Amino acid sequence: MEQRAHGSTIGPLGAVGLGCMGMSWAYSESQRDDDRAAEVVRTALDLGVGMVDTADVYGDGHNEALVGKGLAGRRDEAFLATKGGLVVDDLPTKTMHRDASPAHMRRAVEASLRRLGTDVIDLYYLHRVDPAVPLEETWGALAEMVREGRIRHLGLSEVSVEEAERAHRVHPVAAVQSEFSLWWTAARGDAAASPGGYGGRGGGGLDGPSGDVVAWCARNGAAFVPFAPLGRGFLTGAVTADTTFEAGDFRSVNPRFQASVREANLRIVDTVRQVADRHGATPAQVAVAWVLAQGDHIVPIPGTKRLEYLKENVGAAEVRLSGEDLELLDGVPQAEGGRY
C-alpha cells in the first residue's frame, strides 16, 4: 500500500490502519481464532499497514497480548497504538468504569508494555476522560511517561475540542480517535453525539456536541483516527433486514441495528453500493475511501479478524472518489438509533 505523509506530528503512515478490537471481543466472539488473528496482524504489515490499534480493555488484556504475539519479531515495522483509562469490572457483560488517576495510568502503561512485549508504545491514548480526575492531572502523568521513554506520543479518544485544547496546553496531542463514518459525523461538528458510552455518562465528549475535532486536529498537527469507519460492519452491505447476531455480540443490542431503524439505515448502504458499482469496488472500500477523502491527516482503522477483509480494507486507499461521488455520499443521512 502506498505510504503517505498525513500532515501530523506522528509522521508518515499507511493510509489505512488496522483496528484489532474485534479479534478479542464485541463482535461474533464464537468465531475468535487467536492464531488466525495474529496472522492478520502480520499480513497487515506485509501490506504496508502502519498503525496497529488495540487497548487494554479489549478482552481485559487479551487483545494486547494477541497483538504482541502478532508483532513478535516485527515490532519495528508497526506504529503501535494502545489505550488506557477504562477498567473491566465484569468481562462477560463488558461492564467497566473509568479510572484516569495518575496512579492507575502508570500501572496501566506498565501492564500494556508487558502484554505487548515491547519497551515503548508509539501512541498511547487516554481511552476516555474521567470526570472524577482533572484532565490536566491525567495528561501530566502520561507526559511524564513520555519523558521517561515508555511512550512516544500521546492521544485522546472521544473528546471534545475543549478537552483537546486543555490537554494540548500541558503536552502536545498527537492524535484524536473518535467514531467517524458516512453515517456518523459528529466529530466534524455535524451532529450531537449520543449520551452514554463506555464507562458510563460524563466526559469524553459523549453527552453533547464535540465540536469540529477533525478540523482541530488539522490545525494543531494531530492525526485524526476514525474508529468504526465501516459502521461496525453495517456499511459493508453484509447486514440485511434478516441478519441476526449471536448473544453477546455488541450489535445485537446496539440501537442502530434494531429492526425499527434497520430499513432506514439500509438506505444509506444503497447509496454506498451505488458508488461502489461505479468503481468496481466494494461498499466497504467506498466507505473507507470517503473517510480518507475528508483530510490528509486522517488515518481510519477499520477492524477485522479475517484476511480477506483486511485486504479489502487496505485496497480502499486505491479508490479515488470523484466530486460527483462525494456529493452523493455527503448527502446520506446520519444513522437512526443511538450509538450505545
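Note that the coordinates shown come from a computational prediction; the quantities given were computed from them, not determined experimentally. In what follows, residues are counted from 1 in the order of the sequence shown.
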* Taking all atoms of both residues into account, what is the closest heavy-atom pair of Tyr125 and Ala81, and its distance? -> CE1-CB, 4.0 Å

* Pairwise side-chain contact, Arg166 with Val170, heavy-atom cut-off 4.5 Å (strictly under) -> no

* To do: Determine whether His153 and Phe79 make a side-chain contact, defined as any pair of heavy atoms from C-beta on separated by less than 4.5 Å.
  => yes

* Under the side chain to side chain contact (heavy atoms under 4.5 Å, CB included) criterion, do Leu86 and His97 qualify, and how do the steps go? -> CA-CA 6 Å; Leu86 292 176; His97 68 274; over 6 Å; no

* Asked: Do the side chain of Lys69 and the main chain of Ala37 share a donor and acceptor less than 3.5 angstrom apart?
  -> no

* Between Asp270 and Arg273, is there a side-chain N and carboxylate O pair less than 4.0 Å apart? -> yes

* Give me the ring orientation class for Phe245 and Phe257: parallel if the planes are under 30° apart, tilted from 30 to 60°, perpendicular past 60°. => perpendicular

* Does a sphere of radius 6.0 Å around CD in Glu263 hold more than 12 heavy atoms from other residues, nucleotides or ligands, not counting ones at 6.0 Å or beyond? -> no

* Residue pair Phe180 / Val225, side-chain heavy-atom distance below 4.5 Å -> no

* Atom CG of Leu307 and atom CD of Glu39: how far apart are they, to the nearest 0.5 Å? -> 4.5 Å

* Structure fact -> In short, Pro333 meets Ile268 closest at the heavy-atom pair O-CD1, 3.4 Å

* Asked: Checking Ser24 side chain against Gly59 main chain: does a donor-acceptor pair fall under 3.5 Å?
  -> no

* **Within-4.5 Å side-chain heavy-atom neighbours: Trp25 and Leu91** => yes

* **Nearest heavy-atom neighbours spanning Pro102 and Ala141** => CB-CB, 3.7 Å

* Structure fact -> Here the gap from Arg98 atom CZ to Met96 atom CE, rounded to the nearest 0.5 Å, amounts to 10.5 Å

* Asked: Is Arg152 reaching over with its side chain to a backbone N or O of Gly149, donor-acceptor style, under 3.5 angstrom?
  -> no

* Is there side-chain contact between Phe234 and Val269, with heavy atoms separated by less than 4.5 Å? -> yes

* When rounded to the nearest 0.5 angstrom, what is the spacing between CH2 in Trp139 and CE in Met105? -> 9.0 Å

* Working for salt bridge (Lys or Arg N to Asp or Glu O under 4.0 Å), residues Arg147 and Glu144 -> CA-CA 5 Å; Arg147 290 188 287 271; Glu144 180 62 29; 2.9 Å; yes

* Output the distance between atom CZ (Phe224) and atom CZ (Arg188), rounded to the nearest 0.5 Å. => 10.0 Å

* Do Glu110 and Arg114 sit within salt-bridge range, that is, some charged N less than 4.0 Å from a carboxylate O? -> no

* To do: Examine distances only and state if a side-chain atom of Gln334 and a backbone atom of Thr185 form a donor-acceptor pair shorter than 3.5 Å.
  => yes

* Asked: Quick one: does Thr243's side chain get under 4.5 Å of Arg262's, heavy atoms only?
  -> yes

* Structure fact -> Between Asp35 and Arg42 the two heavy atoms that sit nearest each other are O-NH2, 4.4 Å

* **Short side-chain to backbone donor-acceptor contact, Asp249 and Ser28, under 3.5 Å** => yes

* Quick one: CZ on Phe227 to CG on Asp53, what's the gap to the nearest 0.5 Å? -> 10.0 Å

* Keeping the roles fixed (side chain from Asn265, backbone from Arg256), state whether a donor-acceptor pair exists under 3.5 Å. => yes

* Approximate separation, where rounding is to 0.5 Å, of Glu246 CD and Glu29 CD -> 7.0 Å

* Distance-only, no hydrogens or angles: does the Arg251 side chain make a donor-acceptor pair with backbone N or O of Arg232 under 3.5 Å? -> yes

* Is there a side-chain contact between Arg75 and Asp119 (heavy atoms, below 4.5 Å)? -> no

* To do: Using modelled atom types only, decide if a donor and an acceptor are shared between the side chain of Arg150 and the backbone of Ile121 within a distance under 3.5 Å.
  => no

* **Minimum heavy-atom distance Ala289-Ala316, with the two atoms named** => CB-O, 3.9 Å

* For Asn220 and Ala222, indicate whether the former's side chain and the latter's backbone hold a donor-acceptor pair under 3.5 Å. => no

* Do you know which two heavy atoms are closest between Val16 and Val288, and how far apart they sit? -> CG2-CG1, 4.1 Å

* To do: Quick one: do Lys311 and Val314 satisfy side chain to side chain contact (heavy atoms under 4.5 Å, CB included)? Show the steps, please.
  => CA-CA 5 Å; Lys311 294 172 183 177; Val314 170; 5.8 Å; no

* Give the intermediate values and the outcome of side chain to side chain contact (heavy atoms under 4.5 Å, CB included) for residues Met23 and Leu18. => CA-CA 11 Å; Met23 297 175 181; Leu18 173 64; 4.1 Å; yes

* Asn63 (side chain) donor-acceptor with Cys20 (main chain) under 3.5 angstrom -> yes

* Could you walk me through whether Val214 and His297 pass the side chain to side chain contact (heavy atoms under 4.5 Å, CB included) test, one step at a time? => CA-CA 9 Å; Val214 179; His297 64 305; 3.8 Å; yes

* Determine the sole option in His127, Lys83, Arg128 for which the side-chain hydrogen bond (donor to acceptor under 3.5 Å, both in side chains) test with Ser157 is passed. => Arg128

* To do: Run the numbers on Asp212 and Arg219 for salt bridge (Lys or Arg N to Asp or Glu O under 4.0 Å), then give the verdict.
  => CA-CA 11 Å; Asp212 194 341; Arg219 290 194 305 271; over 6 Å; no

* Any side-chain donor paired with an acceptor under 3.5 Å for Asp330 and Trp290? -> yes

* Any side-chain donor paired with an acceptor under 3.5 Å for Arg306 and Gln31? -> no

* Going by atom types only, do Ser322 and Asp325 share a side-chain donor-acceptor pair under 3.5 Å? -> yes

* To do: May I ask you to test the Thr138-Asp130 pair for a side-chain heavy-atom distance under 4.5 Å?
  => no

